[in-house]
Each structure stands twice: as C-alpha cells, then as structure tokens.
Trainee: 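My questions all concern the structure below.
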Amino acid sequence: KSREKWQCGAELIGENSVITDGELVALALDVLQRLGLTDVKVRISHAGLIRALLEEMELSPQEKSRIFDQILDGDLKILADIRPDKPELVQALSLLLKLKGKSPGLLKNIRVISAKKLPRFKPSLDNFIGVVDMMESLGCDYKIDLASGKGFEYYTGIIFHLSIGKEIIGGGGRYDELIPQMGGKDTPAAGFALYMDDLMRIIETEGIEEPITKRVLLRIAAEAVKEGFKTATMLREAGMIVELALEEQQTAECSWLLEVKAESPVFVVTDKANGSKSAVDSVKEVLDLLGCN
C-alpha cells in the first residue's frame, strides 16, 4: 500500500478574513466542477471552537486529545462524566457537537446563549458564522459538522472536507500558527489540497488545454461579495485568470484592475497599461472591455 499521497492545492498566505476563507472553499469547488464532478459535498468544522471547548474543560494536554477522540467517535456522555459540576457547560458543548446540517441560524442562537457562560467561544463563533454566511451567499452545498474536525491540532480556524459519496477527495482550512512554529514570522495562512490518486480513479481525462495568459485583479466591496464572486466565475469561464485583491494589494502581472461595487456603476475597469478607466453596469460590458467576446 502506498504511504505517500499525491496532492494538488492552493495556499493563501498573509491574510485572515472571512472572504479569504470563503474564496478557498469556492476555488476548491470550482476546480472540482471543472473536472466534471457535480455531486461534491462540503463538511465544515472550526478548530477554534474545538480548542475553546477543550479549554473550557480545563484538562491536561494528554486528556484533551483522548477526550476529544472519544467525542469525535460520538460519545457525548463523556462531557457530563468529566464536568458534572458544570451542567450548563455540558449543555452548551453538547449543542455545539450535535450541530449538523445547514444551520447558520442555530449557530447564531448558540452565540446568544453562550455569550455570558462561554465567552471564549465568541471570537471563533463569530468567525464560523461569517464563513457560513459566506457559503450561503455563494450558494455552496455545505454541511456543518463540528465533530468532523479530526486533526484539528494543525488548524486554528475553519476546517473543511470535500467528498463524493463516502470518499473524501480533498480538504483544507486555516492554520495561522503553522509558519511561526516552523521558525517564520507571525503570518496568517490557509489552504486546501485535492487528493490526486482518488480523483484520477473517478475522472475521465479529455486532453490538455493551452495555458491562460490574460490576468485580472478583482477588488470586491464588502457589500458586493456575492456579485464579485459571480463575476470572477464568469471571467474565468471566459478564459481569464482572476486574482482576488486583498486590502490595498496591487499585482504587476495583471493587465486589468476590476472593481465591483454594490451601487451604480457596479464595475470599474482600469487598463493598467495606460491607466484608462471605464465604468459599466453589466458583466457583458466588462467582457467586451477585456476583449473576451
């Protein structure tokens, strides 16, 4: 049996936001869709919540790993056995661990319930809710399952698994502490990997396409996330390489800067060769300006 897994993926280093986490999940799903896989499921968990859960239990490092392994195996009664003196803690943790499905509303209810009793959960809950809301706005087929976060020690934020049927074909998440642990600076990072051996068994290849050379830097206003991601998809389908701009980032290799806003004009296209700007309200006009039609 092979002990090495061949992987292909992407990493986004230097940024930590809900948009970056959502972009990674959307990118992974887009790649799989382009490979002809339409029944991909996404399970999402959150390492920050798992870590906060273990901190609330006030256990030793050895006990934390042992106890959480049992929880992942479905043994929720162990919570009551460990902390019989804190029934409200056990109740809140049980709610979190039993949470499954597309339930952003329930996550928000848990945030209200745990605000005073479990203050350590708030930062991670806020982030998790933000990512889930992003998944909703992008129309991703996801399932919340906190108990799917095996290997959480490696991650600090969102964790996601990609599967077809019972076979896991990829996964990833946020690991902001990894680069410092390897001797680097304090640098946020997230990424995903697709499992090539598994994919090669289920995908029929048709040939190799010519490399894409046209590049667009896409800057999305906070109020126009859904429109921005939709536009990125349409540009990629038209043969463009689209890179999402983060903060005040500029990328010299890109030929155009495309800004997406919530109000009219929705799109502003800047030709980086001569600095000229064009403001339009439809993706079709954007495609015309970029020479895609």
Trainee: So, does Thr156 use its side chain to make a donor-acceptor pair with the main chain of Asp176 at under 3.5 Å?
Mentor: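 Judged by distance alone, yes, a pair lies under 3.5 Å.
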Trainee: Would Val268 end up clustered with Met240 when hydrophobic side chains under 4.5 Å apart are linked, directly or stepwise?
Mentor: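 Hydrophobic grouping puts Val268 apart from Met240.
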Trainee: Looking only at heavy atoms, what is the nearest atom pair of Pro180 and Glu177, with distance?
Mentor: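 Answer, listing the atom of Pro180 first, then Glu177: CD-O, 3.4 Å.
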Trainee: Taking C-beta and beyond as the side chain, do Leu194 and Ile169 meet within less than 4.5 Å on heavy atoms?
Mentor: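 The answer is no, as the side chains (C-beta and beyond) never meet within the 4.5 Å cut-off.
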Trainee: I need the Lys261 NZ to Glu223 CD distance, nearest 0.5 Å.
Mentor: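 One gets 11.0 Å once the value is rounded to the nearest 0.5 Å.
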Trainee: Side chains of Thr20 and Leu244: closer than 4.5 Å at any heavy-atom pair?
Mentor: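 No. Closest side-chain heavy atoms not under 4.5 Å.
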Trainee: When hydrophobic residues are tied together by side-chain contacts of less than 4.5 Å, even through go-betweens, does Ile44 share a cluster with Tyr195?
Mentor: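 Hydrophobic grouping puts Ile44 apart from Tyr195.
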Trainee: Do the side chain of Ser163 and the main chain of Lys166 share a donor and acceptor less than 3.5 angstrom apart?
Mentor: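 Such a contact is absent between Ser163 side chain and Lys166 backbone.
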Trainee: For Thr233 versus Arg34, what's the shortest heavy-atom pair and its separation?
Mentor: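 Residues Thr233 and Arg34, closest heavy atoms: O-NH2, 4.4 Å.
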Trainee: Would you check, one step at a time, whether the test side chain to side chain contact (heavy atoms under 4.5 Å, CB included) holds for Met135 with Val25?
Mentor: CA-CA 8 Å; Met135 303 278 282; Val25 180; 3.6 Å; yes
Trainee: How many angstroms lie between CG in Leu218 and CD1 in Ile241, if you round to the nearest 0.5 Å?
Mentor: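 Between atom CG of Leu218 and atom CD1 of Ile241 there are 14.0 Å.
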Trainee: Is there side-chain contact between Asp141 and Lys41, with heavy atoms separated by less than 4.5 Å?
Mentor: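 In contact.
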Trainee: Do Val225 and Met134 have side-chain heavy atoms sitting under 4.5 Å apart?
Mentor: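 Contact flag for Val225/Met134 side chains = yes.
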Trainee: Dump the intermediate steps for side-chain hydrogen bond (donor to acceptor under 3.5 Å, both in side chains) on Glu136 and Tyr142, then the final yes or no.
Mentor: CA-CA 9 Å; Glu136 285 280 327; Tyr142 72 92; 2.5 Å; yes
Trainee: Hey, are the side chains of Met234 and Val286 touching, using non-hydrogen atoms and a 4.5 Å cut-off?
Mentor: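 No, too far: nothing below the 4.5 Å cut-off.
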Trainee: Would you please test Phe128 and Ile144 for side chain to side chain contact (heavy atoms under 4.5 Å, CB included) and show each step?
Mentor: CA-CA 10 Å; Phe128 199 17; Ile144 297 172; 3.9 Å; yes
Trainee: Which value, rounded to the nearest 0.5 Å, describes the distance between Leu257 atom CG and Thr270 atom OG1?
Mentor: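 Result: 5.0 Å between the selected atoms.
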Trainee: Quick check: does any side chain N or O of Asp281 sit under 3.5 Å from a backbone N or O of Val266, one acting as donor and the other as acceptor?
Mentor: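 Flag set: sc Asp281 to bb Val266 pair under 3.5 Å.
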Trainee: After noting the C-alpha distance and the side-chain angles of Glu285 and Ser282, does the key distance pass the side-chain hydrogen bond (donor to acceptor under 3.5 Å, both in side chains) rule?
Mentor: CA-CA 5 Å; Glu285 292 172 295; Ser282 72; 2.9 Å; yes
Trainee: Going by atom types only, do Ser276 and Asp271 share a side-chain donor-acceptor pair under 3.5 Å?
Mentor: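 Asp271 and Ser276 do not have a side-chain donor-acceptor pair below 3.5 Å.
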Trainee: Within the supplied structure, the quantity of interest is the number of heavy atoms (other residues, nucleotides, ligands) at a distance under 6.0 Å from Lys230 NZ; does it exceed 12?
Mentor: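 12 or below, so no.
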Trainee: So do the side chains of Leu287 and Leu235 get within less than 4.5 Å of each other, counting heavy atoms only?
Mentor: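 Leu287 reaches Leu235 side chain to side chain.
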Trainee: Do NZ/NE/NH1/NH2 and the carboxylate oxygens of Arg201 and Asp197 come within less than 4.0 Å?
Mentor: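 Asp197 and Arg201: not salt-bridged.
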Trainee: Say whether Gln181 and Tyr175, considering side chains only, have a donor N or O and an acceptor N or O under 3.5 Å apart.
Mentor: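 No, Tyr175 and Gln181 have no side-chain donor paired with an acceptor closer than 3.5 Å.
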Trainee: Looking only at heavy atoms, which two atoms of Asp145 and Arg43 are closest? And how far apart?
Mentor: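 Closest heavy-atom pair between Asp145 and Arg43: OD2-NH1, 4.0 Å.
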Trainee: Which heavy atom of Glu227 sits nearest to which heavy atom of Val260, and what is that distance?
Mentor: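 Result for this residue pair: CG-CG1, 4.0 Å.
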Trainee: Measure across Lys272 and Cys254 and return the closest heavy-atom pair with its distance rounded to 0.1 Å.
Mentor: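 In this case the closest contact between Lys272 and Cys254 is CD-O, 3.3 Å.
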Trainee: Please determine whether side chain to side chain contact (heavy atoms under 4.5 Å, CB included) holds for the pair Leu258 and Leu217, giving the CA-CA distance in whole Å, both sets of side-chain angles, and the decisive distance to 0.1 Å.
Mentor: CA-CA 6 Å; Leu258 174 60; Leu217 184 65; over 6 Å; no
Trainee: More than 12 foreign heavy atoms under 6.0 Å from CD of Glu167: is that the case here?
Mentor: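 Count over threshold, so yes.
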Trainee: Find out whether Lys185 and Ile179 are in side-chain contact, i.e. whether some heavy atom of one side chain is under 4.5 Å from a heavy atom of the other.
Mentor: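 Contact flag for Lys185/Ile179 side chains = no.
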Trainee: Please evaluate residues Lys284 and Asp288 with respect to the criterion side chain to side chain contact (heavy atoms under 4.5 Å, CB included), reporting the C-alpha separation (whole Å), side-chain torsions for both, the decisive distance (0.1 Å), and the verdict.
Mentor: CA-CA 6 Å; Lys284 183 181 183 303; Asp288 288 338; 3.4 Å; yes
Trainee: Report the distance from atom CD1 of Ile220 to atom OG1 of Thr231, rounding to the nearest 0.5 Å.
Mentor: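 Rounded to the nearest 0.5 Å, the CD1-OG1 separation comes to 7.5 Å.
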Trainee: Does Asp30 pair with Arg236 as a salt bridge, N-O distance under 4.0 Å?
Mentor: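 The answer is no: the pair does not qualify as a salt bridge.
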Trainee: Mind listing the closest non-hydrogen atom pair of Leu12 and Glu23 along with its distance?
Mentor: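 Answer, listing the atom of Leu12 first, then Glu23: CD1-OE1, 3.5 Å.
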Trainee: Roughly how far apart are Leu27 CG and Phe192 CZ, rounded to 0.5 Å?
Mentor: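 It comes to 4.0 Å.
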Trainee: Report yes or no: do Phe267 and Leu289 belong to one cluster of Ile/Leu/Val/Met/Phe/Trp/Tyr joined by side chain heavy-atom distances under 4.5 Å?
Mentor: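 In one cluster: yes.
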Trainee: In terms of hydrophobic clustering (I, L, V, M, F, W, Y; side-chain heavy atoms under 4.5 Å; direct or indirect links), are Ile203 and Leu29 co-clustered?
Mentor: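 Same hydrophobic cluster.
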Trainee: So, taking the atom named CD in Gln7 and the one named CE in Met196, what distance separates them when rounded to the nearest 0.5 Å?
Mentor: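 These two atoms lie 10.0 Å from each other.
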Trainee: Treat each ILVMFWY residue as a node, draw an edge where side-chain heavy atoms are under 4.5 Å apart, and state whether Trp6 and Ile168 are in one component.
Mentor: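 Hydrophobic grouping puts Trp6 apart from Ile168.
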